[in-house]
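Everything on this sheet refers to the single structure shown next.
Atoms within a ligand are numbered from 1 in the order they appear, just like the ligands themselves. Computed over heavy atoms, backbone and side chain alike; hydrogens, waters and symmetry mates excluded.
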Amino acid sequence: MPKPIYVLNGPNLNLLGQREPEVYGHATLDDVKDRVAARAEQFSLPIEFYQSNKEGELVDWIQEARAKACGLIINAGAYTHTSVAILDALLAADIPCVEVHLSNIFKREEFRHHSYISTACVGVICGFGVKSYELAVEALAERLETKRG
Ligand code: DQA
């Protein structure tokens, strides 16, 4: 069994489907989980899917991923724009990380244009709703396969 991809979701993403649907769409976080799991299964990769409103808990999961995961997908929510702690955890993780956002953060308020965590990530995918996560799985799977081969 290959190591899983860790998929981490930050604050307020538990409210997906109810929260500003005009920005984030109508899919719930459970829908996101199902679609990510289905896409990952096509690459024979298991997933571990988590959400927390607490910065420290996200840091703990990134540290766990360091040992237990083959790669990481993170939507850090608002912590994207504030958290040096999450950046440092990702820099220490030593596994490929992809940053995702449902919305196109560059089309929105200026404070969302800067991400603290992008420099620790292989790439950033934003603006495609739930599809952003599926594209991240695809990109990560391809990268892991390239490394293996
Ligand atoms: C978000 C964008 C962030 O700016 C915002 O704080 C979120 C969600 C997105 O997925 O579009 O909580 O990460």
Side-chain angles (χ1 to χ4, degrees), residues 3-43 45-66 68-144:
K3 284 181 173 179
I5 296 176
Y6 269 38
V7 185
L8 305 185
N9 295 279
N12 299 305
L13 291 165
N14 53 315
L15 295 179
L16 266 189
Q18 304 164 47
R19 172 195 184 204
E20 299 179 85
E22 67 288 356
V23 178
Y24 298 115
H26 292 277
T28 65
L29 197 60
D30 276 345
D31 296 333
V32 176
K33 183 180 175 179
D34 289 348
R35 280 176 62 174
V36 167
R39 196 81 190 94
E41 205 187 321
Q42 292 175 339
F43 297 99
L45 287 168
I47 63 157
E48 292 286 341
F49 194 93
Y50 298 113
Q51 187 276 332
S52 179
N53 294 327
K54 299 181 188 74
E55 188 176 17
E57 201 160 18
L58 293 163
V59 168
D60 286 344
W61 284 327
I62 296 166
Q63 290 189 7
E64 190 181 295
R66 192 174 185 272
K68 293 191 178 165
C70 64
L72 191 147
I73 294 169
I74 184 164
N75 182 351
Y79 290 139
T80 304
H81 318 297
T82 63
S83 180
V84 176
I86 292 178
L87 168 65
D88 284 349
L90 292 172
L91 286 171
D94 222 19
I95 51 172
C97 304
V98 179
E99 175 182 349
V100 300
H101 301 282
L102 295 147
S103 65
N104 179 353
I105 54 175
F106 301 103
K107 242 176 136 178
R108 303 182 63 196
E109 305 96 315
E110 188 106 23
F111 68 85
R112 294 186 205 273
H113 298 182
H114 178 256
S115 164
Y116 274 93
I117 67 172
S118 300
T119 55
C121 294
V122 177
V124 182
I125 301 170
C126 75
F128 298 99
V130 184
K131 183 88 187 169
S132 293
Y133 285 76
E134 293 177 302
L135 291 168
V137 170
E138 215 173 292
L140 209 47
E142 205 171 295
R143 193 179 174 93
L144 292 166

Are L102 and N75 close enough, and set up right, to give a side-chain contact (heavy atoms from CB on, under 4.5 Å), and what steps lead you there? CA-CA 8 Å; L102 295 147; N75 182 351; 4.2 Å; yes
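Annotation: ring pair (Phe, Tyr, Trp, His ring centres under 6.0 Å) contacts involving residues 102-144, sequence neighbours excluded, comprise H114-Y116.
Only the side chain of N75 comes within 4.0 Å of ligand 1, judged by heavy-atom distances. Contacts of H101 with ligand 1, taken as heavy-atom pairs under 4.0 Å, involve both backbone and side chain.
For atom 11 (O) of ligand 1, the closest non-hydrogen atom on the protein side is S103 OG, 2.6 Å. Summary of contacts: the protein heavy atom closest to atom 5 (C) of ligand 1 is R112 NH1, 3.3 Å. What sits closest to atom 9 (C) of ligand 1 on the protein, heavy atoms only, is L102 N, 3.4 Å.
With hydrogens and angles ignored, the 3.5 Å screen pairs no side-chain donor or acceptor of D60 with any backbone N or O of E57. Using modelled atom types, one side-chain atom of T80 and one backbone atom of G77 make a donor-acceptor pair closer than 3.5 Å.
Expressed to the nearest 0.5 Å, how far CD1 of I86 lies from CD of E55 amounts to 5.0 Å.
Remark: the E64 side chain and the Y6 side chain contain an N/O donor-acceptor pair separated by less than 3.5 Å.
Below 4.0 Å from some heavy atom of H81 lie the following atoms of ligand 1, by number and element: 3 (C), 4 (O). Within the listing of ligand 1, atoms 7 (C), 12 (O) sit less than 4.0 angstrom from a heavy atom of R19.
Taking distance alone, with nitrogen or oxygen atoms compared against 3.5 Å, A78 approaches ligand 1 more closely than that limit. Of the N or O atoms in V100, none lie within a sub-3.5 Å distance of an N or O in ligand 1. Between R108 and ligand 1, a contact under 3.5 Å exists for no N or O pair.
Applying the side chain to side chain contact (heavy atoms under 4.5 Å, CB included) test between Q51 and each of L8, N14, L16, N12 identifies N14 as the sole match.
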